[in-house]
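The sequence lines fix the lettering, A, B, ..., with proteins before strands; numbering per chain opens at 1.
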2 protein chains.
Amino acid sequence: MTATSLVSLSAPSPQSEKAPRRNARHRNNRVAIMEAAISALNANAGATMSEIAARAGVGRATLHRHFRTRNDLVLAIGAQCVEEMKAAVLAVDAVNVPPAERLRAMFEAVIPLGDRYNFLGFESADDEVTRSGYQAQLRWAAALVEDLKAAGDIAPDVPSRWVVGQIDQLVWSAWNAVADGYLDVPEASDLALRTLMDGLQRPTAGRSK
Amino acid sequence: MTATSLVSLSAPSPQSEKAPRRNARHRNNRVAIMEAAISALNANAGATMSEIAARAGVGRATLHRHFRTRNDLVLAIGAQCVEEMKAAVLAVDAVNVPPAERLRAMFEAVIPLGDRYNFLGFESADDEVTRSGYQAQLRWAAALVEDLKAAGDIAPDVPSRWVVGQIDQLVWSAWNAVADGYLDVPEASDLALRTLMDGLQRPTAGRSK
DNA sequence: GTAAAACGAGACAAAATTGTATCGTTTTAG
DNA sequence: CTAAAACGATACAATTTTGTCTCGTTTTAC
C-alpha cells in the first residue's frame with residue numbers, strides 16, 4: 001500500500017505574487033508531501049502531521065515550512081485535486097461524441113485520479129471553495145447520466161442518484177485495482193464500464209449496443 | 001443525515017461476570033451512545049468524544065462512564081458489529097438454496113447493517129479480534145462469489161476480488177439510499193442485485209435466468 | 001568554490017483531546 | 001416515598017498534536 005502514485009503532481013502553481021524562486025529540492029519536496037498526504041489521508045482521515053512527514057520522507061519542520069498549518073495543507077491538496085479533476089473532465093467534454101463514449105473516456109481519464117477524487121469525497125466538507133469544486137464534478141456526472149438515459153444507455157427507471165453513486169464508487173474501486181496491480185488502467189476502465197452497463201453476469205460478450 | 005438507525009442494537013450483552021444490574025436509562029444510553037458513535041465515526045473517522053456525546057444526547061462524563069476510553073468504545077462497537085454481521089450471514093447460510101438466491105437474501109439481511117459493515121471496513125485495523133471477525137465476513141463473501149461463478153451467475157473472467165469489492169460497496173450504497181429515504185430495503189436489495197448482475201443498461205425486464 | 005536556500009533534529013509553547021474526580025440534581029425501582 | 005443509580009456540569013490533570021523557533025549541516029545554483 002505504499003501508493004506509488006498513478007499520476008504526477010504539477011509544479012507549484014506560479015500564481016503567487018512575488019514568488020520567491022524555489023529550489024529544485026523544494027519543489028520536489030512539495031510534490032512528495034502532497035502525494036504522501038493524499039495517500040495518508042485516504043488511508044486514515046485523521047492522519048497526523050508526523051505521519052504525513054514520515055511518509056513523505058521529510059522532517060516535520062520541513063512539512064510546516066511548506067504548509068504552515070494542517071489546514072493549509074488540506075486546502076492546497078483540495079485545490080490541486082479540483083484542478084486536476086476539472087482538467088480531466090474538460091478534456092472529455094472537448095470531443096463531441098455519444099454519451100456512452102464520453103462515459104468510457106471519463107473512466108479512462110478519471111480512474112488515474114481516483115485517489116484525488118476520493119480525497120475530495122470526504123475532505124471537501126470544511127472548505128467552501130473545495131466543496132463547490134467537488135459539487136461541480138458531481139453535477140457534471142449527473143448531467144452525463146441524464147444524457148446516457150436520453151440515449152437509452154441507462155434504464156430510465158433507475159434513480160439517477162444511484163447511477164451517479166455507482167460511477168463514483170467504480171472510479172475508486174478501479175483506482176484501487178490499478179494500485180493493487182491486478183489491473184491496468186484500460187482494463188480497469190473496461191471492467192468499470194462493463195460493470196455499470198451490463199453487470200457481471202454475462203460471460204464477456206461485449207456490451208450489447 | 002441524523003441517521004435514524006435501520007436496526008436496533010441488542011441489550012447489553014449479559015456475558016459479563018458479576019453484571020452490576022443496570023438501570024433502564026443506563027441501557028438506553030448505552031445503545032444511544034453506540035448508535036451515535038457509529039453514525040459519527042462513519043461520517044468522520046476522527047470524531048471526538050465530545051461530538052459523539054453530543055450526538056448521543058448525553059454529557060461527556062456519561063460517555064466516559066459507559067466506555068472508559070475512546071478505544072473501549074471503538075472495540076465495543078466493533079465486537080457488536082461483528083456479532084450482528086455474523087448473525088445475519090448465518091441466517092442466510094441456514095437455508096440451502098442456489099447461490100443466486102443466497103445473494104439476494106444476503107442483500108436483504110446485510111443492507112440494514114450497512115453502517116455497521118462500513119464501520120468495520122475502516123475501524124477494524126487496530127484491534128485484532130475485530131479485524132479477524134471482519135476478515136471472516138470477507139471470506140464468506142468470497143466463498144459466495146465462487147459459488148456464483150460455479151453456478152454460472154457471475155462471469156468467470158471477472159476477478160473475484162472485483163466482485164467482492166462490488167458487493168461490499170453495493171451494501172453501503174444501498175444503506176445510504178435507504179437512509180436517505182429514496183428506497184426501502186426490498187427496493188434497495190433489488191436494485192443492488194440488478195446492478196451487480198445485469199448492470200443498469202437494460203430497461204427493467206428482470207434478470208435473465 | 002561559495003553563498004544562499006533548504007533541510008533535519010530537537011527544544012518549546014500553545015492548543016486540543018482525553019481521561020479522572022467531585023458534587024448537586026434527576027430518574028428509576030420497588 | 002425513598003434509597004440507590006445514573007446523570008449533567010464542571011473543574012482539573014495527563015496526553016497528544018500542532019505550530020514556532022533555533023542551530024548546525026547538506027544541497028543547490030551559479
Side-chain angles (χ1 to χ4, degrees), chain A residues 9 11-14 16 18-41 43-78 123 125-127, chain B residues 9 11-14 16 18-41 43-78 123 125-127:
Chain A
L9 241 37
S13 38
S16 194
K18 209 66 166 22
R21 266 288 261 301
R22 299 303 192 176
N23 216 327
R25 182 174 45 161
H26 186 279
R27 290 192 297 272
N28 291 341
N29 275 340
R30 183 186 161 97
V31 172
I33 287 169
M34 293 178 73
E35 209 65 66
I38 291 174
S39 157
L41 292 172
N44 165 20
T48 173
M49 293 295 265
S50 299
E51 291 170 349
I52 294 172
R55 192 184 289 232
V58 303
R60 200 167 61 90
T62 297
L63 174 48
H64 278 288
R65 275 189 205 102
H66 282 261
F67 304 94
R68 200 173 59 82
T69 74
R70 188 181 204 281
N71 203 46
D72 286 351
L73 173 59
V74 171
L75 256 53
I77 294 174
E123 208 76 38
D126 309 315
D127 177 48
Chain B
L9 241 37
S13 39
S16 192
K18 208 70 166 20
R21 264 287 260 302
R22 299 304 192 175
N23 217 327
R25 181 174 45 161
H26 186 279
R27 290 191 297 271
N28 291 342
N29 275 341
R30 182 185 162 98
V31 172
I33 287 170
M34 293 178 75
E35 210 65 65
I38 291 173
S39 157
L41 292 172
N44 164 20
T48 173
M49 292 294 266
S50 299
E51 291 170 349
I52 293 171
R55 191 184 289 233
V58 303
R60 199 167 63 90
T62 297
L63 173 49
H64 278 288
R65 275 189 205 102
H66 281 260
F67 304 94
R68 200 173 60 82
T69 76
R70 189 180 203 283
N71 202 47
D72 286 351
L73 172 61
V74 172
L75 257 52
I77 295 174
E123 207 77 39
D126 308 314
D127 177 47

Exercise for review: Starting at CE of B:Met49, measure out to CZ of B:Arg60 and round the result to the nearest 0.5 Å.
Suggested key: 8.0 Å
Study note, to complete from the structure: Separation of D:dT27 atom P from A:Arg27 atom CZ, nearest Å, is 17 Å
Point to revise | Sugar-phosphate, base or nothing in reach of B:Ala61, heavy atoms under 4.0 Å | key: base
Exercise for review: Have a look at A:Gly57 and say if it touches a base, only the backbone sugar-phosphate, or nothing, with a 4.0 Å heavy-atom cut-off.
Suggested key: sugar-phosphate
Study note, to complete from the structure: B:Arg70 CZ to C:dA16 P, in whole Å, measures 17 Å
Review point. Roughly, in whole Å, what's the span from NE2 in B:His64 to P in D:dA14?
Key: 16 Å
Point to revise | Comparing B:Asn23 and B:Arg60 on DNA chain D - which has the more 5′ nearest nucleotide | key: B:Asn23
Point to revise | Nearest-angstrom distance from the residue atom CG of B:Asn29 to C1' of D:dA6 | key: 8 Å
Check your understanding: Would you say B:Val74 and B:Asp127 make side-chain contact, with heavy atoms under 4.5 Å?
Key -> no
Revision key, fill the gap. B:Asn28 atom CG is separated from D:dA5 atom C1', nearest whole Å, by 14 Å
Exercise for review: Indicate yes or no: at least one non-hydrogen side-chain atom of B:Ile33 is less than 4.5 angstrom from one of B:Leu73.
Suggested key: yes
Exercise for review: Check the distance between D:dA9's C1' and B:Leu63's CG and give it to me in whole angstrom.
Suggested key: 15 Å
Exercise for review: Name the residue closer to the 5' end of DNA chain C, choosing between A:Thr62 and B:Met49 according to the nucleotide with the nearest heavy atom.
Suggested key: A:Thr62
Review point. Of all heavy-atom pairs between A:Ala40 and A:Ala47, which one has the smallest distance, and what is that distance?
Key: O-CB, 4.0 Å
Exercise for review: Look at all strands and tell whether B:Arg25 reaches a base, only sugar-phosphate, or nothing, counting heavy atoms closer than 4.0 Å.
Suggested key: base
Check your understanding: Touch check for A:His26, heavy atoms < 4.0 angstrom, all strands: base, sugar-phosphate only, or nothing?
Key -> sugar-phosphate
Check your understanding: Considering only side-chain heavy atoms of B:His66, which listed nucleotide, D:dG19, C:dC7, D:dC7, is closest?
Key -> D:dC7
Review point. Just checking A:Arg65: base, sugar-phosphate only, or nothing, at a heavy-atom cut-off of under 4.0 Å?
Key: base
